[in-house]
Visitor: 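Please read through the structure below; I'll follow up with questions.
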Amino acid sequence: MSESQLWDDVDDYFISQLAPEDEVLAATLRDSEAAGLPEIAVSAAAGKLLHLLAQIQGATRVLEIGTLGGYSTIWLARALPADGRLVTLEYSPQHAEVARRNIARAGLDKIVEVRVGPALESLAELADEAAENPAPFDLVFIDADKVNNPHYVEWALKLTRPGSLIIIDNVARGGRVADPDNASPDVRGTRTAIELIGSHARLSGTAIQTVGKKGYDGFALARVLD
């Protein structure tokens, strides 16, 4: 048995016991694939982790940067109370339309808002709105274009509160993140974000390497300090 097959088998076991997908989640993946979206949604195990983190956090307001087909959005939104709010930012109008349909089928369209456009512009708009109605986000999940990861972390700091969580997906970059000479934009953006977390006075964080159905990957987790 290959190493990658072993990772898949272990992931399948964990998911079957701890994070089984219901029909809504399965349909979200099927419809996203049928619409031609890239198959890069988080795994069910990672989705359940996001769900648990939001619950542990007692989150009522969540910001997601990178919607895709809404799979991780649904996991996160299901952790919120009935009066909660999740804002998810998606660059592609096509992806956003697929996500809206998936979110509506999940019965979450009343608490989830999908905003379309470049995330940095949407984040600036959110900051302007927060100046008038300063309700910070309790959790921010960053899973978009990696070159802008450091900018997303900086915006997350402006839109959160002490005690909020910031999660960045896909930080291992196949191990390339450890190479300081790698000039790929995704690697440079990820390294800058990790180094920002490590050096910022208002952040305490860590990063974890993972293996599983998504291959070799990892995520960073940071808590906003006073």
Side-chain angles (χ1 to χ4, degrees), residues 22 24-25 27-32 35-38 40-42 46-146 148-149 151-161 163-170 222 224:
D22 56 29
V24 168
L25 289 166
T28 295
L29 294 179
R30 286 199 305 270
D31 287 1
S32 297
L37 274 61
I40 55 173
V42 301
K48 183 64 177 290
L49 175 62
L50 292 171
H51 180 87
L52 289 171
L53 287 171
Q55 287 183 320
I56 292 167
Q57 183 72 356
T60 61
R61 288 174 54 83
V62 169
L63 172 62
E64 179 182 51
I65 304 174
T67 314
L68 196 61
Y71 184 78
S72 56
T73 316
I74 292 170
W75 275 110
L76 284 164
R78 283 178 168 180
L80 300 181
D83 61 347
R85 185 186 184 210
L86 188 153
V87 178
T88 181
L89 311 181
E90 174 54 48
Y91 177 79
S92 166
Q94 178 200 2
H95 294 182
E97 184 56 35
V98 174
R100 287 191 178 108
R101 291 197 298 268
N102 289 330
I103 290 162
R105 178 173 49 214
L108 296 166
D109 48 318
K110 296 296 189 295
I111 65 172
V112 174
E113 177 187 2
V114 182
R115 297 199 181 192
V116 182
L120 293 178
E121 294 180 10
S122 297
L123 289 164
E125 292 170 1
L126 282 170
D128 288 341
E129 294 168 16
E132 299 179 4
N133 181 25
F137 291 100
D138 306 303
L139 184 150
V140 178
F141 178 48
I142 300 170
D143 189 12
D145 53 316
K146 311 311 175 187
N148 280 315
N149 273 344
H151 300 304
Y152 296 149
V153 172
E154 290 169 347
W155 276 112
L157 272 169
K158 297 175 183 178
L159 294 166
T160 52
R161 58 169 176 81
S164 292
L165 292 181
I166 301 172
I167 306 161
I168 312 175
D169 201 14
N170 309 127
V224 180

Visitor: Are Glu113 and Thr88 close enough that some pair of their side-chain heavy atoms sits under 4.5 Å apart?
Guide: no
Visitor: Do Ile142 and Val153 touch side chain to side chain, with heavy atoms closer than 4.5 Å?
Guide: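 Yes. Closest side-chain heavy atoms under 4.5 Å.
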Visitor: Contact between Asn102 and Tyr71 at the side-chain level, heavy atoms closer than 4.5 Å - yes or no?
Guide: no
Visitor: Would you check if Leu76 and Leu139 make a side-chain contact, meaning some heavy-atom pair closer than 4.5 Å?
Guide: yes
Visitor: For residues Gly66 and Glu90, report the shortest heavy-atom separation together with the two atoms involved.
Guide: C-OE1, 4.1 Å
Visitor: Is the shortest side-chain heavy-atom distance between Leu68 and Pro38 below 4.5 Å?
Guide: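 They are in contact (side-chain heavy atoms under 4.5 Å apart), so the answer is yes.
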Visitor: Check whether any side-chain heavy atom of Trp75 sits under 4.5 Å from a side-chain heavy atom of Leu25, and report yes or no.
Guide: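 They are in contact (side-chain heavy atoms under 4.5 Å apart), so the answer is yes.
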Visitor: If you apply the rule salt bridge (Lys or Arg N to Asp or Glu O under 4.0 Å), what do you find for Asp83 with Arg61, and how did you get there?
Guide: CA-CA 9 Å; Asp83 61 347; Arg61 288 174 54 83; over 6 Å; no
Visitor: Would Asp109 and Arg100 count as a salt bridge (Lys or Arg N to Asp or Glu O under 4.0 Å) here? Give the steps.
Guide: CA-CA 7 Å; Asp109 48 318; Arg100 287 191 178 108; over 6 Å; no
Visitor: What distance do Asp31 atom CG and Leu37 atom CG have between them, rounded to the nearest 0.5 Å?
Guide: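 Result: 10.5 Å between the selected atoms.
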Visitor: Do Asp143 and Glu64 come close enough that some side-chain heavy atom pair is under 4.5 Å?
Guide: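 SC-SC contact between Asp143 and Glu64 ruled out.
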Visitor: Do Tyr91 and Asp145 have side-chain heavy atoms sitting under 4.5 Å apart?
Guide: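 No, every pair of side-chain atoms sits at 4.5 Å or beyond.
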Visitor: Which distance, rounded to the nearest 0.5 Å, do you find between the CG of Asn148 and the CH2 of Trp155?
Guide: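 The CG atom of Asn148 sits 12.5 Å away from the CH2 atom of Trp155.
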Visitor: Can you tell me how far CD1 of Ile65 sits from NE2 of His151, rounded to the nearest 0.5 angstrom?
Guide: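 So the gap between those two atoms works out to 12.0 Å.
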Visitor: Within this structure, what is the CG-OG distance for the pair Asp138 and Ser164, rounded to the nearest 0.5 Å?
Guide: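 Rounded to the nearest 0.5 Å, the CG-OG separation comes out at 5.5 Å.
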Visitor: Leu80 and Ala59: which non-hydrogen atoms are nearest, and at how many Å?
Guide: CD2-O, 3.3 Å
Visitor: Which heavy atom of Ala99 sits nearest to which heavy atom of Gly70, and what is that distance?
Guide: CB-N, 3.8 Å
Visitor: Do you know which of Leu53, Leu86, Leu50 makes side-chain contact (heavy atoms from CB on, under 4.5 Å) with Val62?
Guide: Leu86
Visitor: Where is the tightest heavy-atom contact between Ala96 and Val116, given as atom of each residue plus distance?
Guide: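 So the minimum-distance heavy-atom pair works out to CB-CG2, 3.4 Å.
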Visitor: Between Leu63 and Thr160, is a side-chain contact (heavy atoms from CB on, under 4.5 Å) present by the stated rule, with each step listed?
Guide: CA-CA 9 Å; Leu63 172 62; Thr160 52; over 6 Å; no
Visitor: Using every non-hydrogen atom in the two residues, find where Ser32 and Thr28 come nearest and quote the distance to one decimal.
Guide: OG-O, 2.7 Å
Visitor: Leu159 pairs by side-chain contact (heavy atoms from CB on, under 4.5 Å) with which of Leu123, Val140, Ile166?
Guide: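 It is Leu123, the one option of Leu123, Val140, Ile166 that forms the side-chain contact (heavy atoms from CB on, under 4.5 Å) with Leu159.
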Visitor: Go through the steps for Glu129 and Arg115 under the test salt bridge (Lys or Arg N to Asp or Glu O under 4.0 Å), then give the verdict.
Guide: CA-CA 14 Å; Glu129 294 168 16; Arg115 297 199 181 192; 2.9 Å; yes
Visitor: In sequence, state the C-alpha distance, the side-chain angles, and the governing distance for Tyr152 and Leu120, and then conclude on side-chain contact (heavy atoms from CB on, under 4.5 Å).
Guide: CA-CA 7 Å; Tyr152 296 149; Leu120 293 178; 3.6 Å; yes
Visitor: What heavy-atom pair brings Ala82 and Ile111 nearest, and what distance separates the two atoms?
Guide: O-CG2, 3.5 Å
Visitor: Can you tell me how far the CD atom of Gln55 sits from the NZ atom of Lys48, to the nearest 0.5 Å?
Guide: 8.0 Å
